[in-house]
Amino acid sequence: NAGVTQTPKFQVLKTGQSMTLQCAQDMNHNSMYWYRQDPGMGLRLIYYSASEGTTDKGEVPNGYNVSRLNKREFSLRLESAAPSQTSVYFCASSRPRGVTEAFFGQGTRLTVV
Amino acid sequence: SQQGEEDPQALSIQEGENATMNCSYKTSINNLQWYRQNSGRGLVHLILIRSNEREKHSGRLRVTLDTSKKSSSLLITASRAADTASYFCATLVETSGSRLTFGEGTQLTVNP
């Protein structure tokens with residue numbers, strides 16, 4: 001039982017490049033989330049998906065797009081990376097409406113130079 | 001802005017002492033959750049308390065919730081060096097669908 005799997009674990013991009021962060025969960029969860037965590041700070045919600053086929057903006061959505069490909073997978077795309085997007089990105093999943101705990105991936109450490 | 005705010009931002013104690021961390025939030029919630037993050041790792045769920053509960057225990061953890069003051073506390077008893085980590089509270093807001101919002105965390109250091 002892998003839980004939440006994120007790929008890649010590390011990535012360095014040049015300003016203006018694009019990339020997609022992948023996330024998959026094998027717990028049959030409806031809700032999935034993308035957060036970013038900057039040094040010494042908490043997690044800020046970028047986008048979330050309450051169920052397959054739906055996505056909603058979180059606190060800091062600018063510069064990002066998401067796709068809920070199916071119930072298992074929720075990807076985050078940076079169309080034109082900027083240095084301000086240097087951060088650690090976490091994907092998480094939970095049962096509907098967050099009534100139980102969220103399970104987190106191990107994170108993707110992204111550096112934009 | 002963050003829904004939850006932890007206090008203190010950093011806490012340093014000796015092994016065997018108790019550690020108390022506080023969380024305040026702004027709007028009505030369905031539940032409040034506490035998570036732990038070891039350096040460089042993902043978050044791990046510790047305990048969840050629902051809005052109609054006032055206190056909950058899990059091993060050495062004790063969580064209280066005061067909805068009238070919009071605050072929660074996490075007590076770790078008989079701390080160990082292995083408890084060194086960042087601790088975050090997260091709230092599920094009633095009107096936000098399944099949005100789980102985190103505070104900025106408390107960095108706990110337990111000295112051997």
Side-chain angles (χ1 to χ4, degrees), chain A residues 2-7 9-10 21 23 25 27 29-52 54-61 66 68 74 87-109, chain B residues 1-10 21 23-27 29-53 56 58 61 63 85-109:
Chain A
V4 179
T5 303
Q6 288 183 237
T7 55
K9 289 186 170 53
F10 301 94
L21 281 65
C23 175
Q25 52 91 9
M27 294 171 284
H29 286 165
N30 284 343
S31 300
M32 297 187 74
Y33 313 82
W34 275 105
Y35 292 91
R36 62 176 287 174
Q37 184 178 35
D38 298 305
M41 295 184 66
L43 277 72
R44 291 185 291 170
L45 183 64
I46 305 171
Y47 272 92
Y48 67 104
S49 171
S51 62
E52 184 179 352
T54 67
T55 60
D56 288 284
K57 295 179 180 179
E59 189 183 355
V60 288
V66 290
R68 184 72 183 268
F74 188 37
S87 189
V88 181
Y89 291 84
F90 289 100
C91 177
S93 71
S94 71
R95 285 166 62 185
R97 298 188 60 78
V99 295
T100 59
E101 68 266 36
F103 292 81
F104 281 79
Q106 288 302 298
T108 296
R109 190 171 298 272
Chain B
S1 61
Q2 299 281 35
Q3 157 76 332
E5 295 183 2
E6 283 93 340
D7 169 57
Q9 289 186 328
M21 290 159 269
C23 170
S24 60
Y25 56 92
K26 298 174 184 173
T27 60
I29 59 172
N30 279 357
N31 66 57
L32 186 143
Q33 305 176 29
W34 285 91
Y35 288 80
R36 164 192 171 130
Q37 183 181 37
N38 288 87
S39 180
R41 306 297 297 272
L43 277 72
V44 175
H45 181 264
L46 294 176
I47 194 166
L48 179 153
I49 186 165
R50 292 184 169 78
S51 59
N52 61 352
E53 297 176 313
K56 203 161 184 180
S58 177
L61 305 180
V63 170
S86 293
Y87 292 82
F88 296 89
C89 69
T91 53
L92 183 71
V93 178
E94 289 179 351
T95 57
S96 71
S98 59
R99 185 186 305 206
L100 194 61
T101 306
F102 285 80
E104 295 185 357
T106 294
Q107 172 61 52
L108 173 66
T109 302

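Lettering follows sequence order; numbering is per chain, from 1. Predicted model, so just to flag it, every value in this text is computed and none were measured.
- For a residue to count as touching a neighbouring chain, one of its non-hydrogen atoms must lie under 4.5 Å from one of that chain's; by this rule Y35(A) touches chain B with the side chain only.
- Annotation for E53(B): atom CD counts as buried by contact number, over 12 foreign heavy atoms lying within 6.0 Å.
- With a 4.5 Å cut-off on non-hydrogen atoms, K9(A) does not touch chain B at all.
- Only the side chain of Q37(B) comes within contact range of chain A, judged by heavy atoms closer than 4.5 Å.
- Ranked by heavy-atom pairs under 4.5 Å with chain B, the first of A102(A), G58(A), G105(A), G107(A) is A102(A).
- For Q6(A), no part lies under 4.5 angstrom from a heavy atom of chain B.
- Your options are S86(B), G42(B), A90(B), and the one with the most heavy-atom pairs under 4.5 Å with chain A is G42(B).
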With side chain to side chain contact (heavy atoms under 4.5 Å, CB included) as the criterion, how do L100(B) and Y48(A) come out once you've worked through the C-alpha distance, each side chain's angles and the decisive distance to 0.1 Å? CA-CA 9 Å; L100(B) 194 61; Y48(A) 67 104; over 6 Å; no
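- Among all heavy-atom pairs drawn from Q33(B) and E101(A), the shortest one is OE1-CA, 3.6 Å.
- Note that CZ of R41(B) is 14.0 Å distant from CZ of F104(A), once rounded to the nearest 0.5 Å.
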